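Shown next, in structure tokens, is the structure this report addresses.
Side chains included, hydrogens not; waters and symmetry mates left out as well; all remaining heavy atoms used. This one's a predicted model, so the numbers in the text were calculated from it and none came from an experiment. A note on names: the letters A, B, ... follow the listed sequences, proteins ahead of strands, and every chain is numbered from 1.
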Number of protein chains: 2
Amino acid sequence: MNIGVLGTGGVGQTIAAKLVEIGHSVMIGTRNVQTTLAHTEPDVYGNPPFSVWYKNHGTLKLGSYADTAAFGEVLINATSGSGSLAALSSADAASLNGKILIDIANPLDFSKGMPPSLFVSNTDSLGEQIQHQFPTLKVVKTLNTVTAALMVNPRLLADGEHEIFVGGNDAEAKAIVTGYLKQWFGWKHVLDLGDITSARGTEMYLPIWLRLWGTLQTGLFNVRVVR
Amino acid sequence: MNIGVLGTGGVGQTIAAKLVEIGHSVMIGTRNVQTTLAHTEPDVYGNPPFSVWYKNHGTLKLGSYADTAAFGEVLINATSGSGSLAALSSADAASLNGKILIDIANPLDFSKGMPPSLFVSNTDSLGEQIQHQFPTLKVVKTLNTVTAALMVNPRLLADGEHEIFVGGNDAEAKAIVTGYLKQWFGWKHVLDLGDITSARGTEMYLPIWLRLWGTLQTGLFNVRVVR
């Protein structure tokens, strides 16, 4: 399948590499291809610059957000939350029409110090803002509650005995994405939290996730829902 | 030990009854004793009126918030979040000075429909507001992430193999409360999330908790942190 991954950061790279590995055709999208390839410094997390990573992933295509949205039969939003609406706005409307958007982004606001707060929360969410601004997309919020390495390999922990959540307005799209989570990445436990307003819940989970990260000194953790 | 439980709702009743059962002297506090005893209708959840419950718990004392704050060597805030600051404000300063306050309350705002939103979140929290307004209290935020029945009996689920969180500025108070959680209620896994600003995390967990409640159709669940 042709899949468009919006965002060239660590999350986009991890998702794109995994999708290529399992046989999909992937284009990874950025605001400006030349600028993205010109970076020669490691990113803020110490990862090598995108161009180095890109050379090591030869079958992967790189394009603008618009190219990537046009290319993908399914789209994945792995941009920073603050850049998500702008990235999607640069796509042609026809490139979005009727497509599933798997929304992984979190509305993190780093401007008020660490740990980050959220730039939208409580009575609204980034997932809702995207669905509202692009009503022809079928937005499914998922994967935003775990670190990138776990998104694509849940069996790194407890043989995959922990939960991932989905939320969205389109029941069929949620069922399809639930299938992708299981087939692409090996998720065993996918919990449907309801419509896209449930993105308030999974995005507002970030503050406790960040505190847990501080306590556990690793991002490699998740929650098992015990009932 | 003399323990003051502020709040006569379901959470206050559950905590108070358990503390009496294990041998503590407990006063449960309300805004107006006569008004609280005069209610003859079940509450919004269908529970019997307070007076009926109170008759069945003979050794338990009932008092005003001020009486209860004066009585307790340790205080527990089980008021509704919207009433917490007013309840504590009605106590004498000397009744609060240097005491541990175990803060269970959540800043739920029911005025904007269901599920409730939060009246404070993101860059502040109810736990912080209490600590800020009553600096002589040692506020420890905990237990606000589970339903009342689980607070006092974590072994109702998975033999207690799931997590409860603590946060607060006073390390000794957190250590003492961690001991209480283990000795009083049988919690096995108490995770320290840091200072009182971590209450933003545990309070902002409520929206996903409420969505999980909707999906699971029970409040009797919790999370196990898998790492």
(message) If you count heavy-atom pairs within less than 4.5 Å of chain A, which of L156(B), T123(B), T197(B), L150(B) leads?
(response) T197(B)
(request) Measure distances from S117(B) to the heavy atoms of chain A and classify the residue's part below 4.5 Å as side chain, backbone, both or neither. (result) both
(request) Determine the option with the most heavy-atom pairs under 4.5 angstrom with chain B, choosing from L220(A), L206(A), L191(A), I208(A). (result) I208(A)
(request) Taking the side chain as every heavy atom from C-beta outward, state whether I104(A) and M151(A) have any pair of such atoms under 4.5 Å apart. (result) yes
(message) For a 4.5 angstrom cut-off between non-hydrogen side-chain atoms, does K99(A) reach V74(A)?
(response) no
(request) Kindly say whether the aromatic ring centers of W213(B) and F221(B) come within a distance under 6.0 Å. (result) no
(message) Restricting to side-chain contact (heavy atoms from CB on, under 4.5 Å), what partner residues turn up for A16(A), sequence neighbours left out?
(response) V5(A), V26(A), I28(A), W53(A), L60(A)
(request) Flag the pair R227(A) and E163(A) as a salt bridge only when some basic side-chain nitrogen lies within less than 4.0 angstrom of an acidic carboxylate oxygen. (result) yes
(message) What residues of residues 132-147 of chain B make heavy-atom contacts with chain A at a cutoff under 4.5 angstrom?
(response) none
(request) Tell me yes or no: between the side chains of D103(A) and N77(A), is some donor less than 3.5 Å from an acceptor? (result) yes
(request) State, yes or no, whether a side-chain contact exists between Y65(A) and T79(A) at a heavy-atom distance under 4.5 Å. (result) yes
(request) Could I get the full list of side-chain contact (heavy atoms from CB on, under 4.5 Å) partners for P154(A), not counting sequence neighbours? (result) H162(A), F185(A), W187(A)
(request) Could you tell me which of G167(B), G194(B), P115(B), S198(B) has the largest number of non-hydrogen atom pairs under 4.5 Å with chain A? (result) S198(B)
(message) Out of T218(B), L157(B), L118(B), return the one with the most heavy atom pairs under 4.5 angstrom to chain A.
(response) L118(B)
(message) I'd like to check V120(A) versus P107(A) (side-chain heavy atoms, cut-off strictly below 4.5 Å). Are they in contact?
(response) yes
(request) Hey, could you give me each pair passing salt bridge (Lys or Arg N to Asp or Glu O under 4.0 Å) that has a residue in residues 120-137 of chain B? Not counting sequence neighbours. (result) E128(B)-R200(B)
(message) Quick check: do L216(A) and V225(B) have side-chain heavy atoms less than 4.5 Å from each other?
(response) yes
(request) With a 4.5 angstrom heavy-atom cut-off, could you sort out which part of E161(A) is near chain B: side chain, backbone, both or neither? (result) backbone
(request) Check each atom of T202(A) against the heavy atoms of chain B and say whether the ones under 4.5 Å are side chain, backbone, both or neither. (result) both
(request) Please determine, among N122(B), D192(B), V223(B), D109(B), the option with the most heavy-atom pairs under 4.5 Å with chain A. (result) N122(B)
(message) What part of L212(A) gets within 4.5 angstrom of chain B, counting heavy atoms only: side chain, backbone, both, or neither?
(response) both
(message) Under 4.5 Å from any heavy atom of chain A, what part of L193(B) do you find: side chain, backbone, both or neither?
(response) both
